[in-house]
Enquirer: 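Just dropping this structure here.
As the structure is a computational prediction, the values presented were derived from the model and not from experiment. Sequence lines set the chain letters: A, B, ... in the order given, protein chains first and strands last, and positions in each chain run from 1. All values below were derived from every heavy atom in this structure, side-chain atoms included, with hydrogens, water molecules and symmetry-related copies excluded.
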Amino acid sequence: PSHAQGEHANSMQKDSRLGSKPRTFFYQSRIYFTDAELIVSFRETSPVVVKSEPEEDNSFYPYPKHNKASKRERDDEEFEYKPKKVKVEHDKKAKKRKHEYEEDEDDEDIKPKKKTKDKKATDGKKTKKEEEEKWKWWEEERYTDGSKWRFLEHKGPVFAPPYEPMPNKVRFYYDGKIMKLSAAAEEVATFFAKMLDHEYSTKDVFRKNFFKDWRKEMTSEEKAIITDLNKCNFSEMNDYFKAQSEARKQMSKEEKKKIKEENERLLQEYGFCIMDNHKERIGNFRTEPPGLFRGRGDHPKMGMLKRRIRPEDIIINCSKDSKQPKPPPGSKWKEVRHDNKVTWLASWTENIQGSIKYIMLNPSSRIKGEKDWQKYETARCLKKCVDRIRTQYRDDWKSKEMRIRQRAVALYFIDKLALRAGNEKEEGETADTVGCCSLRVEHIKLHPKINDQEFVVELDFLGKDSIRYYNKMPVEKRVFKNLQLFLENKQPEDDLFDRLNTSILNKHLQELMDGLTAKVFRTYNASITLQQQLKELTSDDSIPAKILSYNRANRAVAILCNHQRAPPKTFEKSMQNLQTKIDEKEKQLSTARKQLKAAKADHKASHDEKSKKTVEVKRKAVQRIEEQLMKLQVQATDREENKQIALGTSKLNYLDPRISVAWCKKYGIPIEKIYNKTQREKFAWAIDMAEKDYEF
DNA sequence: GCGCCGACTTGCTCAGACGATT
DNA sequence: AATCGTCTGAGCAAGTCGGCGC
């Protein structure tokens with residue numbers, strides 16, 4: 001496309017502010033959100049000032065990629081710098097911590113009985129457990145040979161309970177006539193019966209898939225009779241399940257307690273494993289129960305039967321020298337292997353997509369935590385070279401080669417809009433969703449001029465989980481011209497980037513920075529946005545106001561990453577309730593103010609001590625009510641803004657927890673206000689190591 | 001270079017636990 | 001004690017990405 005090259009060459013000259021001037025990078029609000037909903041405005045996420053940070057642990061991470069360097073090289077490098085540097089960098093802190101730790105230990109050993117508050121404090125087991133909870137894996141060295149563990153012992157998965165046939169009084173009708181189903185057919189029927197109230201049991205694809213799979217479970221007699229799903233009546237089964245769940249709710253305290261205890265027992269027995277001398281929590285220790293597959297969005301396989309998992313389907317992974325888990329009586333494992341290059345404890349192949357499912361550890365485990373930490377270190381690496389990379393892709397917009405231009409424009413989208421990479425998907429196997437590289441012509445509209453803005457790109461597509469991405473934003477002229485070029489002579493269903501896929505893109509990124517892939521941009525942009533928004537938004541105000549600021553910063557990230565949720569069913573009502581409370585509070589306030597005024601007048605008239613005191617009392621009351629009102633208003637704002645935005649995903653997966661920890665420490669906010677228990681467990685490493693001056 | 005697969009992360013939803021209120 | 005609303009974690013689907021074999 002040499003003509004395009006010429007056309008673009010002139011317009012580029014003005015555009016050389018990169019590098020010299022601080023870069024402004026606009027995250028426009030999605031027009032998907034009205035102004036009222038989106039109060040946070042996105043401003044420059046840059047300029048990014050990259051200071052050299054001698055005190056920072058940049059020499060610690062990232063490790064050379066396991067598969068890129070040879071084993072020997074890796075070992076050499078690591079032994080040179082890692083352990084020593086860590087010790088030096090965190091010296092003061094480490095000492096302090098060690099001291100504290102030892103003190104705690106002493107406390108345990110010497111005067112354990114002093115901890116009378118805790119009934120079990122004297123119990124040896126408990127002491128051990130506490131010790132376990134305190135284990136700071138982040139202060140230890142990591143494996144450098146690509147292995148994930150040395151020792152692994154566990155009890156295997158817990159299986160779904162066997163099918164309990166329906167009581168005889170619960171009947172199934174076909175074409176109005178009672179029909180007793182065989183156990184196998186009945187079980188599958190109950191799966192459908194449980195979903196009767198769901199919208200998708202009315203969907204054609206769902207019904208068709210279900211019926212097809214159900215028929216496979218029927219006896220030949222049943223098959224001969226049951227030929228039309230519309231003639232099936234599952235309502236008694238449905239009623240039965242409703243009654244059951246009602247009964248469960250109505251259970252007495254004792255019964256509930258019993259169930260809880262049983263669950264706890266199961267958790268204690270199967271929910272933990274021993275990995276390298278430490279007891280670690282398993283994330284999911286149960287196999288998935290059988291049921292009907294419900295894909296998200298327009299999934300072609302929805303309604304298909306998800307098979308029951310048997311021990312014969314399970315591959316166990318553990319170390320050779322461990323006590324192997326026993327399969328349930330009368331059954332065998334499919335295989336027992338000893339692969340310490342992977343982290344899973346057990347796996348099976350699922351029958352809908354043929355993909356593998358795993359039993360793995362909890363996010364609080366060392367093995368997940370290390371990986372998570374490393375992820376943020378890679379993103380921090382990107383921070384250091386993002387300017388260079390941005391300069392380069394902007395340069396590439398002028399390339400003579402189509403593939404390079406496409407790569408550069410795609411990367412621009414990934415960077416600016418935080419799009420996902422967009423792998424190709426097998427057609428007809430899953431819902432039709434796309435990411436950046438798989439965008440099609442039909443997903444993009446170009447507006448040379450619209451509402452006073454030039455070069456506006458409109459993106460409208462279904463992304464992961466069939467969540468709609470809709471965004472209209474001005475882009476640089478050069479991007480716009482390139483997009484026009486990519487669209488030439490194409491049909492709506494053609495790929496926008498026909499010379500690009502994720503593999504090409506990631507290979508390119510790998511050359512730009514070690515460990516760089518498309519998703520690192522999401523992590524980087526999310527974390528840097530949080531940090532900047534926190535800087536910008538944090539008010540010099542009360543704690544609730546500060547937390548509102550935090551939530552707004554978090555929200556900015558969620559919007560950037562397009563993390564949405566269905567508005568909670570009770571949203572309108574709960575909003576109304578809150579408003580009622582606010583109204584009441586306002587009335588209270590005006591009453592209190594009147595009283596204060598009256599008291600003042602009284603005091604002015606009498607000038608006695610008593611009236612002076614009354615004034616003070618009333619003044620305090622007004623103040624208190626004002627505070628309460630403010631708190632409620634803040635809550636209302638927060639909730640309204642959050643109506644259809646999901647904060648959880650970004651908090652859990654994209655935001656370097658050290659940013660939040662540092663923010664809490666800086667402003668004296670208790671960490672519990674930001675992270676709940678699970679989150680604190682997951683981010684224990686960050687809570688322990690980040691100081692108030694931490695910079696992402 | 002491509003298609004496929006394995007391993008692991010990311011993402012949304014909903015039941016039920018939990019805590020506040022009546 | 002019952003009821004109500006919110007929060008949390010489990011559950012599991014759906015992505016990303018690297019490696020392998022051809």
Side-chain angles (χ1 to χ4, degrees), chain A residues 65-68 148 160 198 245 248-253 256 259-260 263 267 271 283-289 291 293-297 299 301-302 306 315 317 339 341-344 347 349-350 352-358 360-363 367-368 371-372 375 420-426 429-431 433-438 462-467 501-507 509-510 515-520 522-523 526 558 561-566 568-571 573-578 581 635 639 644 646-654 675-679 681-682:
Chain A
K65 296 257 295 192
H66 291 323
N67 42 16
K68 294 297 172 205
K148 307 289 168 73
H198 250 107
S245 94
R248 225 173 303 131
K249 272 183 218 155
Q250 296 302 320
M251 276 188 312
S252 69
K253 255 189 184 164
K256 278 186 183 165
I259 292 178
K260 212 177 161 186
N263 280 335
L267 173 70
N284 56 324
F285 58 90
R286 294 165 199 272
T287 62
E288 293 172 15
F293 175 81
R294 165 61 172 151
R296 300 200 252 263
H299 198 114
K301 297 192 170 185
M302 65 168 79
K306 215 169 79 164
I315 301 173
N317 194 30
D339 182 357
K341 298 278 188 285
V342 297
T343 67
W344 51 269
S347 72
T349 302
E350 151 270 357
I352 306 283
Q353 327 259 7
S355 66
I356 308 169
K357 302 266 188 167
Y358 301 94
M360 285 183 187
L361 294 193
N362 188 296
I367 216 158
K368 294 286 183 190
K371 201 74 186 295
D372 206 38
K375 173 180 78 187
R420 296 187 187 82
N423 281 307
E424 293 111 296
K425 302 169 75 186
E426 223 175 316
E429 293 291 301
T430 57
T433 63
V434 297
C436 184
C437 293
S438 49
L462 296 183
K464 182 177 178 178
D465 293 310
S466 295
I467 298 290
N501 60 39
T502 53
S503 157
I504 295 170
L505 180 67
N506 280 334
K507 265 183 201 134
L509 292 175
Q510 184 58 237
L516 187 60
T517 63
K519 84 189 185 87
V520 178
R522 254 167 102 79
T523 313
C561 294
N562 201 37
H563 290 143
Q564 297 186 31
R565 62 167 182 175
K569 282 183 207 103
T570 55
F571 186 84
K573 210 169 80 187
S574 83
M575 217 51 209
Q576 261 172 22
N577 288 349
L578 198 55
K581 273 191 191 168
Q635 211 184 345
R639 201 179 297 176
Q644 39 187 328
L647 301 184
T649 303
S650 51
K651 206 173 190 177
L652 234 48
N653 298 303
Y654 288 107
Y675 290 138
N676 68 29
K677 185 166 146 281
T678 329
Q679 294 168 157
E681 276 165 20
K682 170 167 179 174

Enquirer: Regarding A/G435, tell me which of base, sugar-phosphate or nothing describes its non-hydrogen contacts under 4.0 Å with the strands shown.
Expert: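 Counting heavy atoms under 4.0 Å across all strands, no contact is made by A/G435.
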Enquirer: Would you say a side-chain N or O of A/S347 is under 4.0 Å from OP1 or OP2 of B/dG6?
Expert: no
Enquirer: Of the candidate nucleotides C/dG18, C/dC17, B/dC8, which contains the atom at the shortest distance from the side chain of A/K368?
Expert: B/dC8
Enquirer: Taking only side-chain N and O atoms of A/Y358, does any of them lie within less than 4.0 angstrom of OP1 or OP2 on B/dT9?
Expert: no
Enquirer: Which part of the nucleic acid, if any, lies within reach of A/K306 when heavy atoms closer than 4.0 Å are counted: base, sugar-phosphate only, or nothing?
Expert: sugar-phosphate
Enquirer: Contact class for A/A431 (heavy atom, under 4.0 Å): base, sugar-phosphate, or nothing?
Expert: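 Counting heavy atoms under 4.0 Å across all strands, no contact is made by A/A431.
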Enquirer: Any side-chain heavy atom of A/L516 within less than 4.5 Å of one from A/Q510?
Expert: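 Not touching, per the 4.5 Å side-chain cut-off.
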Enquirer: Can a donor-acceptor pair be found between the side chains of A/K425 and A/T433 at a distance below 3.5 Å?
Expert: yes
Enquirer: Check whether any side-chain heavy atom of A/K368 lies under 4.5 Å from a side-chain heavy atom of A/M360, and answer yes or no.
Expert: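 Yes - at least one pair of side-chain heavy atoms lies under 4.5 Å apart.
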Enquirer: With distance as the sole criterion, is a donor-acceptor pair present between the side chains of A/S438 and A/E424 under 3.5 Å?
Expert: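 There is no such pair (donor and acceptor under 3.5 Å, judged by atom type) between the side chains of A/S438 and A/E424.
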Enquirer: Tell me whether the OP1 or OP2 atom of B/dC12 has a side-chain N or O from A/Q564 closer than 4.0 Å.
Expert: no
Enquirer: With sugar-phosphate meaning primed atoms plus P, OP1 and OP2, does A/P363 contact a base, only sugar-phosphate, or nothing at under 4.0 Å between heavy atoms?
Expert: nothing
Enquirer: From B/dG6, B/dG11, C/dA13, pick the nucleotide closest to the side chain of A/H563?
Expert: B/dG11
Enquirer: With respect to the phosphate group of B/dC8, does any side-chain polar atom (N or O) of A/K375 fall under 4.0 Å of OP1 or OP2?
Expert: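 No.
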Enquirer: Could you walk me through whether A/L652 and A/K682 pass side-chain contact (heavy atoms from CB on, under 4.5 Å), step by step?
Expert: CA-CA 9 Å; A/L652 234 48; A/K682 170 167 179 174; 4.1 Å; yes
Enquirer: Could you check how far OH of A/Y675 sits from C1' of C/dC7, rounded to whole Å?
Expert: 18 Å
Enquirer: Any side-chain N or O of A/K677 below 4.0 angstrom from OP1/OP2 of C/dT8?
Expert: no
Enquirer: Work out which heavy atom in A/K256 is nearest to a heavy atom in A/K249; give both atom names and the distance.
Expert: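 Where A/K256 meets A/K249 most closely, the heavy atoms are NZ-O, 3.3 Å.
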Enquirer: Of the nucleotides C/dC12, C/dG15, B/dT13, which one has an atom closest to the side chain of A/K357?
Expert: C/dC12
Enquirer: Could you check A/N676 against A/F293 and say which one's nearest nucleotide on DNA chain C is further toward the 5' end?
Expert: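 In this pair, the answer is A/N676.
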Enquirer: If the cut-off is 4.0 Å, is A/K341 near the phosphate of B/dG6, judged by side-chain N/O to OP1 or OP2?
Expert: no
Enquirer: Is there a donor and acceptor pair closer than 3.5 Å between the side chain of A/R296 and the base of C/dA13?
Expert: yes
Enquirer: Is A/N423 close enough to C/dT16 that one of its side-chain N or O atoms is under 4.0 Å from OP1 or OP2 there?
Expert: yes
Enquirer: Looking across every strand, which nucleic acid part, if any, lies under 4.0 Å from A/Q353 by heavy atom: base, sugar-phosphate, or nothing?
Expert: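 The answer is sugar-phosphate, as A/Q353 gets under 4.0 Å only of primed atoms, P, OP1 or OP2.
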Enquirer: Taking the side chain of A/A566 as its heavy atoms from C-beta onward, which of C/dC17, B/dG11, B/dT13 lies nearest to it?
Expert: B/dT13
Enquirer: Would you say a side-chain N or O of A/K371 is under 4.0 Å from OP1 or OP2 of C/dT16?
Expert: no
Enquirer: Does a side-chain N or O of A/T343 approach OP1 or OP2 of B/dA7 to a distance below 4.0 Å, or not?
Expert: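 It does not, given that no N or O in the side chain of A/T343 lies less than 4.0 Å from OP1 or OP2 of B/dA7.
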Enquirer: To the nearest Å, how far apart are A/N501 CG and B/dG3 P?
Expert: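 Going from CG in A/N501 over to P in B/dG3 covers 9 Å.
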Enquirer: Using a cut-off of strictly less than 4.0 Å, decide whether A/R248 has a side-chain nitrogen or oxygen near OP1 or OP2 of B/dA17.
Expert: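 So the side chain of A/R248 is outside the cut-off, no N or O lying under 4.0 Å from OP1 or OP2 of B/dA17.
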Enquirer: 5'-most contact on DNA chain C: A/K519 or A/G283, nearest heavy atom basis?
Expert: A/G283
Enquirer: Would you state whether a donor and an acceptor, one from the side chain of A/K464 and one from the base of B/dT10, lie under 3.5 Å apart?
Expert: yes
Enquirer: Could you tell me the separation between the CE atom of A/M302 and the P atom of C/dA14, rounded to a whole number of Å?
Expert: 9 Å
Enquirer: Can you measure A/N362 atom CG to C/dT8 atom C1' for me and round it to whole angstrom units?
Expert: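 So the two atoms are 14 Å apart, to the nearest Å.
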Enquirer: Mind checking A/S355 for me? I need base, sugar-phosphate or nothing, with any heavy atom below 4.0 Å counting as a touch.
Expert: nothing
Enquirer: For A/T502 and A/N423, which I'm curious about, is there any donor-acceptor pair between the side chains at under 3.5 Å?
Expert: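 Yes, a side-chain donor-acceptor pair sits under 3.5 Å.
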Enquirer: Just how far, in rounded Å, is P of B/dG11 from CD of A/Q644?
Expert: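 These atoms are roughly 18 Å apart.
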Enquirer: Could you give the CD-to-C1' distance, from A/E429 to B/dC4, as a whole number of Å?
Expert: 13 Å
Enquirer: So, is A/T517 close to the C/dC17 phosphate, meaning a side-chain N or O under 4.0 Å from OP1 or OP2?
Expert: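 Yes, within the criterion.
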Enquirer: Between C/dC17, B/dT9, C/dG11, which one does the side chain of A/R286 approach most closely?
Expert: C/dG11
Enquirer: Check whether any side-chain N or O of A/N284 sits under 4.0 Å from OP1 or OP2 of C/dG11, and answer yes or no.
Expert: no
Enquirer: Could you tell me which residues satisfy side-chain contact (heavy atoms from CB on, under 4.5 Å) with A/I356, sequence neighbours excluded, listed by chain and number?
Expert: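 Checked A/I356 against side-chain contact (heavy atoms from CB on, under 4.5 Å); matches are A/S347, A/T349, A/Y358.
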Enquirer: Tell me which of A/K249 and A/K682 sits closer to the 5' end of DNA chain B, going by the nucleotide each one is nearest to.
Expert: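 By nearest-heavy-atom nucleotide position, the 5'-most residue is A/K682.
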Enquirer: Between A/R420 and B/dG11, is there a side-chain N or O to OP1/OP2 distance below 4.0 Å?
Expert: yes
Enquirer: Toward the 5' end of DNA chain B, which comes first, A/K507 or A/Y654, by nearest nucleotide?
Expert: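 The residue mapped nearer the 5' terminus is A/K507.
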Enquirer: Using the side-chain heavy atoms of A/T649, tell me which of these nucleotides is nearest: C/dC17, B/dC14, B/dG11.
Expert: B/dG11
Enquirer: Output the single nucleotide from B/dC12, C/dC17, B/dG16 whose closest atom is nearest the side chain of A/A421.
Expert: C/dC17
